Number of protein chains: 2
Amino acid sequence: MLNQYSAVDKVLLAVDCIIFGFDKDGLKILLIKRDFEPEKGKWSLIGGFLRKEEDLNSAAIRILNTYTGLHDIYMEQLHSYSEIDRDPVERTISVSYYALINIENHNAELIKNYHAQWFSVSEAPNLIFDHNQMLRFAISRLRYRTSIKPIGFELLPEKFTMRQLLELYEAILSKELDKRNFISKINSLDILIKLDEKDMQSSRKGSYLYKFDKDKYEDKLLNNFVLNL
Amino acid sequence: MLNQYSAVDKVLLAVDCIIFGFDKDGLKILLIKRDFEPEKGKWSLIGGFLRKEEDLNSAAIRILNTYTGLHDIYMEQLHSYSEIDRDPVERTISVSYYALINIENHNAELIKNYHAQWFSVSEAPNLIFDHNQMLRFAISRLRYRTSIKPIGFELLPEKFTMRQLLELYEAILSKELDKRNFISKINSLDILIKLDEKDMQSSRKGSYLYKFDKDKYEDKLLNNFVLNL
DNA sequence: AATCAATTGCGTAAAAAATACACTTTAAAA
DNA sequence: TTTTAAAGTGTATTTTTTACGCAATTGATT
């Protein structure tokens with residue numbers, strides 16, 4: 001029974017994940033040393049293939065879970081890459097996703113087994129195929145996202161100082177921000193709860209710890225805003 | 001020779017195009033009456049399947065050309081849709097693209113042959129599969145694009161009045177704009193050339209015609225700006 | 001006990017951008 | 001000549017963004 005569907009060339013569909021984390025040294029990404037050909041031994045984004053029984057979002061979530069042990073992580077689709085020879089072995093289209101995770105929360109054992117490693121975004125090694133391009137695109141999307149959605153819950157420890165939050169934003173935007181203006185803009189979002197507790201690591205005076213107001217944070221996630229930092 | 005690539009489920013990859021046009025009645029999209037099963041006879045975005053010898057951008061351009069006769073049209077990839085049963089016949093992942101075209105320039109013959117038709121965006125019929133969702137997403141992306149890139153070249157005739165440009169923006173954003181503020185904001189972009197010629201259709205007084213300064217327009221395309229209308 | 005050092009915490013003034021708003025001009029039609 | 005319908009034009013007000021500096025705190029040092 002002929003139909004429009006018959007003459008078509010099927011393809012492999014891959015998912016590649018740009019996994020962002022943040023620690024005292026700044027914004028990082030999780031990369032993996034590829035353990036199969038081609039390009040075995042080179043650095044690559046964390047990826048896998050789409051399976052019959054899942055959609056792309058599920059595949060991205062499965063792949064993230066495989067390499068980090070994490071679940072319930074929000075991921076967002078970015079772009080599809082389809083150059084004919086992007087993968088020399090077989091025609092493969094790849095859909096990129098990004099995730100934001102707290103570096104402390106993932107399974108360190110797991111990533112070691114997979115020869116995965118965190119790299120500063122600014123010092124990332126050269127990546128296989130078109131993964132450099134994927135990474136650049138992800139960074140620019142992350143910057144954009146920062147201007148319309150709250151960010152931080154995913155990347156910071158539960159309790160954090162204003163300075164940590166400021167440095168997170170500075171790392172993402174890669175520019176310096178004025179401390180006072182930053183604080184008043186963040187406060188105007190009304191998503192932080194100031195705790196009665198101080199972090200004494202960073203200074204003699206100590207600085208107040210904050211946490212996100214989960215409900216308000218999630219409300220804000222639903223409605224875009226403009227945050228001009 | 002076993003490798004990581006062997007166990008994988010290949011899929012069909014489709015491209016669906018949201019084709020925007022603009023005329024005196026506002027913002028429109030080009031839809032097609034589907035002439036094969038499933039959902040034969042229902043309205044659908046214009047689509048096709050990715051072929052071996054092309055990448056997704058080329059496929060989108062080919063599909064647009066097939067139905068409109070147009071070429072050299074800028075298209076932008078939007079999103080990939082991968083719900084398992086989105087197409088009931090076979091597992092198909094679809095990548096959406098959008099294009100902006102001048103309604104007057106396309107091949108009317110061609111679209112008639114294909115049972116394609118222009119619809120006001122606000123009066124679009126119900127579409128097959130997840131095409132309604134694709135359309136909504138495309139509209140929101142078009143609005144966003146409007147705020148960071150110049151728009152109009154693609155949608156307006158070569159010479160146009162300020163009112164036409166204003167109405168284009170109003171149609172895209174679906175809100176009223178203040179004429180005077182609009183004009184001064186558009187002028188501040190410095191992409192228009194005021195001609196010594198008037199359009200006498202719209203009023204007794206006649207209104208000046210403008211055209212885009214192609215070079216400046218394209219410079220602006222390369223660099224984002226913020227246009228708050 | 002006094003001083004030092006490092007970082008936190010806080011507010012205001014100036015500049016820039018966005019918004020609101022109304023009347024005159026023009027030329028064809030009556 | 002009067003009428004009519006749309007074009008064309010500028011300013012004051014409000015809001016937002018930016019720039020900027022100093023006092024408070026406290027552990028460490030002398």
Side-chain angles (χ1 to χ4, degrees), chain A residues 24-25 143 146-148 152 156-157 159-171 173-211 220 223-229, chain B residues 24-26 143-144 146-148 150 152 156-157 159-171 173-190 192-211 220 223-229:
Chain A
K24 62 179 175 19
D25 301 320
R143 285 185 185 147
T146 293
S147 73
I148 57 163
L156 291 172
K159 299 172 181 180
F160 53 88
T161 63
M162 268 295 177
R163 172 163 296 268
Q164 280 177 287
L165 187 61
L166 172 68
E167 284 173 355
L168 169 60
Y169 274 85
E170 288 186 331
L173 301 174
S174 62
K175 69 173 180 190
E176 282 199 2
L177 299 173
D178 182 274
K179 185 178 45 159
R180 291 153 294 186
N181 293 339
F182 176 79
I183 291 171
S184 61
K185 283 171 183 178
I186 289 294
N187 281 334
S188 74
L189 292 182
D190 187 31
I191 50 173
L192 295 186
I193 297 171
K194 187 176 189 167
L195 303 174
D196 259 345
E197 207 177 331
K198 283 192 163 188
D199 168 79
M200 301 306 292
Q201 306 305 113
S202 62
S203 76
R204 305 203 162 97
K205 183 179 178 182
S207 59
Y208 283 105
L209 287 165
Y210 291 79
K211 64 176 186 180
K220 291 280 179 190
N223 301 295
N224 293 349
F225 50 74
V226 180
L227 182 60
N228 251 325
L229 293 170
Chain B
K24 61 179 174 20
D25 301 320
R143 284 185 185 146
Y144 169 58
T146 293
S147 72
I148 58 163
L156 292 173
K159 299 172 181 179
F160 52 88
T161 64
M162 268 294 177
R163 172 163 296 269
Q164 281 176 287
L165 188 62
L166 172 68
E167 285 172 354
L168 169 61
Y169 274 85
E170 288 184 332
L173 301 174
S174 62
K175 68 174 179 189
E176 283 201 1
L177 299 174
D178 181 273
K179 184 175 48 156
R180 291 156 292 188
N181 294 339
F182 176 79
I183 291 172
S184 62
K185 283 172 183 177
I186 290 294
N187 280 335
S188 75
L189 292 182
D190 186 31
L192 295 186
I193 297 170
K194 186 175 191 169
L195 303 174
D196 259 345
E197 208 178 329
K198 283 191 163 188
D199 169 79
M200 302 305 294
Q201 306 306 113
S202 61
S203 75
R204 307 208 159 97
K205 183 179 178 184
S207 60
Y208 282 105
L209 288 164
Y210 291 79
K211 64 176 186 181
K220 291 280 179 191
N223 301 295
N224 293 349
F225 50 74
V226 180
L227 183 59
N228 251 323
L229 292 172

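All chains are named by letter (A, B, ...) in the order of the sequence lines, taking the proteins before the strands, and each is independently numbered beginning at 1. Worth saying up front: this structure is predicted, and the values here are computed from it rather than measured.
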Base, sugar-phosphate alone, or nothing: which one does [X] contact when heavy atoms must sit under 4.0 Å apart?
X: A:Arg180; result: base
X: A:Ser202; result: sugar-phosphate
X: A:Asp178; result: base
X: B:Asn181; result: base

In whole angstroms, how far is the [atom2] atom of [N] from the [atom1] atom of [X]?
X: A:Met200; N: C:dT7; atom1: CE; atom2: C1'; result: 11 Å
X: B:Glu167; N: D:dA6; atom1: CD; atom2: C1'; result: 12 Å
X: B:Gln164; N: D:dG8; atom1: CD; atom2: P; result: 12 Å
X: A:Lys175; N: D:dT18; atom1: NZ; atom2: C1'; result: 12 Å
X: B:Gln201; N: C:dA28; atom1: CD; atom2: C1'; result: 13 Å
X: A:Tyr210; N: C:dT8; atom1: OH; atom2: P; result: 11 Å
X: A:Phe182; N: D:dT18; atom1: CZ; atom2: P; result: 14 Å
X: B:Phe160; N: D:dA7; atom1: CZ; atom2: P; result: 15 Å

**Prompt:** Does the side chain of B:Phe160 reach to within under 4.5 Å of the side chain of B:Leu168, using non-hydrogen atoms?
**Reply:** no

**Asked** From C:dG9, D:dG8, C:dT8, pick the nucleotide closest to the side chain of A:Tyr208?
**Response** C:dG9

**Asked** Counting side-chain heavy atoms from C-beta on, which of D:dA7, C:dC10, C:dT8 comes nearest to B:Ser203?
**Response** D:dA7

**Asked** Does any N or O donor sit under 3.5 Å from an N or O acceptor when you compare the side chain of B:Lys205 with the base of C:dA27?
**Response** no

**Message:** Tell me if a side-chain donor or acceptor on A:Ser184 pairs with a main-chain N or O of A:Asn181 at a distance below 3.5 Å.
**Reply:** yes

**Prompt:** Does any N or O in the side chain of B:Glu167 come within less than 3.5 Å of the main-chain N or O of B:Lys24, such that one atom is a donor and the other an acceptor?
**Reply:** no

**Prompt:** Rounded to the nearest 0.5 Å, what separation is found between the CG atom of A:Leu229 and the OH atom of A:Tyr169?
**Reply:** 6.5 Å

**Item:** Distance (rounded to the nearest 0.5 Å) between A:Tyr210 OH and A:Met162 CE
**Value:** 4.0 Å

**Any A:Lys198 side-chain N or O less than 4.0 Å from OP1/OP2 of D:dT26** = no

**Message:** With a cut-off of less than 4.0 Å, is there a side-chain N or O of B:Arg204 near OP1 or OP2 of D:dA7?
**Reply:** no

**Prompt:** Which comes earlier along DNA chain D counting from the 5' end, the contact point of A:Lys179 or that of A:Asn228, where each point is its nearest nucleotide?
**Reply:** A:Asn228

